[in-house]
Amino acid sequence: MNATGTTPVVAPVVLVPGMLCDADLWADLDVPGAVPVAVTEPSIAGMAAEVLAAVDGPFVLVGLSLGAIVGFQVLRRAPQRVLAFCAMATNPGAPTPQQHTAWRDMSRRTAAGGFTEVVRQTLPTMFADSAPPREHAERYLAMAHRVGPDVFTAQLAAQATRNDQRDTLRAASCPVLAVCGDRDALCPVDFHRAIVDAAPAGRLHVLPGAGHLVPIERSHDVTALLRSWLREPTPA
């Protein structure tokens, strides 16, 4: 972001991917200062520590799904370091009992050697269409297999440590941009309205016809949106 009335400040833009995704999630984006960060610890707090250790000083934080959930914790723990926060395709609320049950089942099946099948069963929820274009499906499956069963199990364990972060957002003084697709089967638009309703400097951008992995489905739109947002003045 730019400091009001001063020369633009160059800050890292830390990109945190979602579950079963790696840095390739962001590969089609053209964002100056981008620093992809992997999160592998089995708790949201541990993942937040990984993000904070990845760069020195203040930074802009962009996270998708689990990556944004980690971002809420980063904002809670070190608000002075977060110049601005973009939360994509995510949920600021606590997990439901149904989610806990599903995560335990996926962890059990992964431990029993069923990782490939578990991953394939997540594919229909990743894009706007349950049968996505072949190149999107192959790209997601390749990311998931690079992440692998061990990190996936840690990610499932981390999801179970989530809690409601709307109080964190209410206390946030930095700009908060919520981005989502209106065909996201996992994180509907209402989740993102909750983010901007809580954040004093919150703004919502909905991508029509997009699903969960918006940096892949709509890379041009997401690039343009982020580049425009990053040029805006930071409130004094």
Side-chain angles (χ1 to χ4, degrees), residues 12-40 47 51 54 60-72 84-92 106 115-149 151-152 155-156 158-159 177-189 191-192 195 203-230:
V13 179
V14 172
L15 306 174
V16 189
M19 192 158 64
L20 288 172
C21 296
D22 62 13
D24 189 49
L25 176 69
W26 316 107
D28 295 337
L29 303 188
D30 181 12
V31 178
V35 181
V37 175
V39 285
T40 61
M47 289 178 171
V51 171
V60 174
L61 179 57
V62 179
L64 181 140
S65 197
L66 174 61
I69 290 166
V70 174
F72 297 135
F85 176 36
C86 177
M88 295 184 186
T90 195
N91 182 359
M106 286 190 283
F115 175 67
T116 296
E117 181 61 24
V118 169
V119 169
R120 287 199 169 273
Q121 288 178 352
T122 67
L123 176 60
T125 63
M126 290 296 117
F127 300 99
D129 295 322
S130 59
R134 180 176 177 179
E135 62 271 23
H136 289 171
E138 290 180 350
R139 185 169 170 182
Y140 170 67
L141 294 173
M143 285 195 297
H145 283 278
R146 286 194 298 270
V147 169
V151 171
F152 178 52
Q155 291 173 337
L156 292 169
Q159 288 275 27
L177 176 65
V179 178
C180 62
D182 67 359
R183 295 183 61 186
D184 190 332
L186 292 177
C187 297
V189 175
F191 289 2
H192 302 82
I195 293 171
R203 185 195 308 175
L204 175 64
H205 190 97
V206 180
L207 294 166
H212 192 60
L213 297 185
V214 289
I216 292 177
E217 280 189 307
R218 302 289 287 277
S219 59
H220 178 78
D221 292 333
V222 172
T223 291
L225 176 63
L226 289 177
R227 289 179 74 95
S228 174
W229 178 64
L230 289 167

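Just so you know, residue 1 is the first one in the sequence shown, and it goes up from there.
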**Prompt:** Is there a donor-acceptor pair closer than 3.5 Å between any side-chain N or O of His192 and the backbone N or O of Ala89?
**Reply:** yes

**Asked** Short question: side chain of Glu217, backbone of Gly211 - any donor-acceptor pair under 3.5 Å?
**Response** yes

**Request:** Search all heavy atoms of Leu123 against all heavy atoms of Tyr140 and return the closest pair with its distance.
**Result:** CD1-CD2, 3.7 Å

**Item:** Residue from Val35, Leu61, Leu226, Val31 passing side-chain contact (heavy atoms from CB on, under 4.5 Å) with Val13
**Value:** Val31

**Asked** Does Leu141 offer a backbone N or O that forms a donor-acceptor pair with the side chain of Arg120 under 3.5 Å?
**Response** no

**Request:** Classify the angle between the aromatic ring planes of Phe72 and Phe85 as parallel (below 30°), tilted (30 to 60°) or perpendicular (above 60°).
**Result:** perpendicular

**Message:** Could you walk me through whether Glu117 and Gln121 satisfy the side chain to side chain donor-acceptor pair (under 3.5 Å) test, starting with their C-alpha distance in whole Å, then the side-chain angles of each, then the deciding distance to 0.1 Å, before giving a yes or no?
**Reply:** CA-CA 6 Å; Glu117 181 61 24; Gln121 288 178 352; 3.1 Å; yes

**Fill in**
When every non-hydrogen atom of Arg139 is compared with those of Asp24, the smallest separation belongs to NH2-O, 2.7 Å

**Message:** Determine whether a donor-acceptor pair (N or O, by modelled atom type, separation under 3.5 Å) exists between the side chain of Thr122 and the backbone of Val119.
**Reply:** yes

**Message:** Regarding His212 and Thr125, do their side chains bring together a donor and an acceptor under 3.5 Å, going by distance alone?
**Reply:** no

**Message:** Show, in sequence, the C-alpha distance, side-chain angles and deciding distance for Leu186 and Met126, and conclude whether the side-chain contact (heavy atoms from CB on, under 4.5 Å) test is met.
**Reply:** CA-CA 8 Å; Leu186 292 177; Met126 290 296 117; 3.6 Å; yes

**Message:** What's the separation between atom SG in Cys180 and atom CZ in Phe191, rounded to the nearest 0.5 Å?
**Reply:** 11.0 Å

**Closest non-hydrogen atom pair, Ala68 against Gly63** = CB-O, 3.3 Å

**Request:** Starting at NE2 of His205, measure out to CG of Leu225 and round the result to the nearest 0.5 Å.
**Result:** 5.0 Å

**Asked** Rounded to the nearest 0.5 Å, how far apart are CG of Leu207 and CG of Asp182?
**Response** 8.5 Å

**Asked** For Val16 and Trp26, which heavy atoms make the closest approach, and how far apart are they?
**Response** O-CZ2, 3.3 Å

**Message:** To the closest 0.5 Å, what do you measure between CE (Met88) and CD1 (Ile195)?
**Reply:** 11.5 Å

**Prompt:** Under a 4.5 Å cut-off applied to non-hydrogen side-chain atoms, are Met47 and Leu66 in contact?
**Reply:** yes

**Prompt:** To the nearest 0.5 Å, how far apart are CZ in Arg183 and OG in Ser130?
**Reply:** 8.5 Å

**Asked** Does the side-chain contact (heavy atoms from CB on, under 4.5 Å) test come out yes or no for Met143 and Ile216, once each step is laid out?
**Response** CA-CA 12 Å; Met143 285 195 297; Ile216 292 177; 3.9 Å; yes

**Request:** Heavy atoms only: give me the nearest Thr116-His145 pair and the separation to one decimal.
**Result:** OG1-CE1, 3.3 Å

**Message:** For a side-chain contact (heavy atoms from CB on, under 4.5 Å) check, start with the C-alpha distance between Trp229 and Val179, then their side-chain angles and the critical distance, and finish with the verdict.
**Reply:** CA-CA 12 Å; Trp229 178 64; Val179 178; over 6 Å; no

**Request:** Quick one: closest heavy-atom pair of Pro215 and Leu64, and the distance?
**Result:** CD-CD1, 3.3 Å

**Request:** May I ask you to test the Met19-Val147 pair for a side-chain heavy-atom distance under 4.5 Å?
**Result:** no

**From CG (Leu20) to CD (Gln155), nearest 0.5 Å** = 6.0 Å

**Prompt:** Ignoring hydrogens and geometry, is there a side-chain-to-backbone donor-acceptor pair from Thr223 to Ser219 under 3.5 Å?
**Reply:** yes

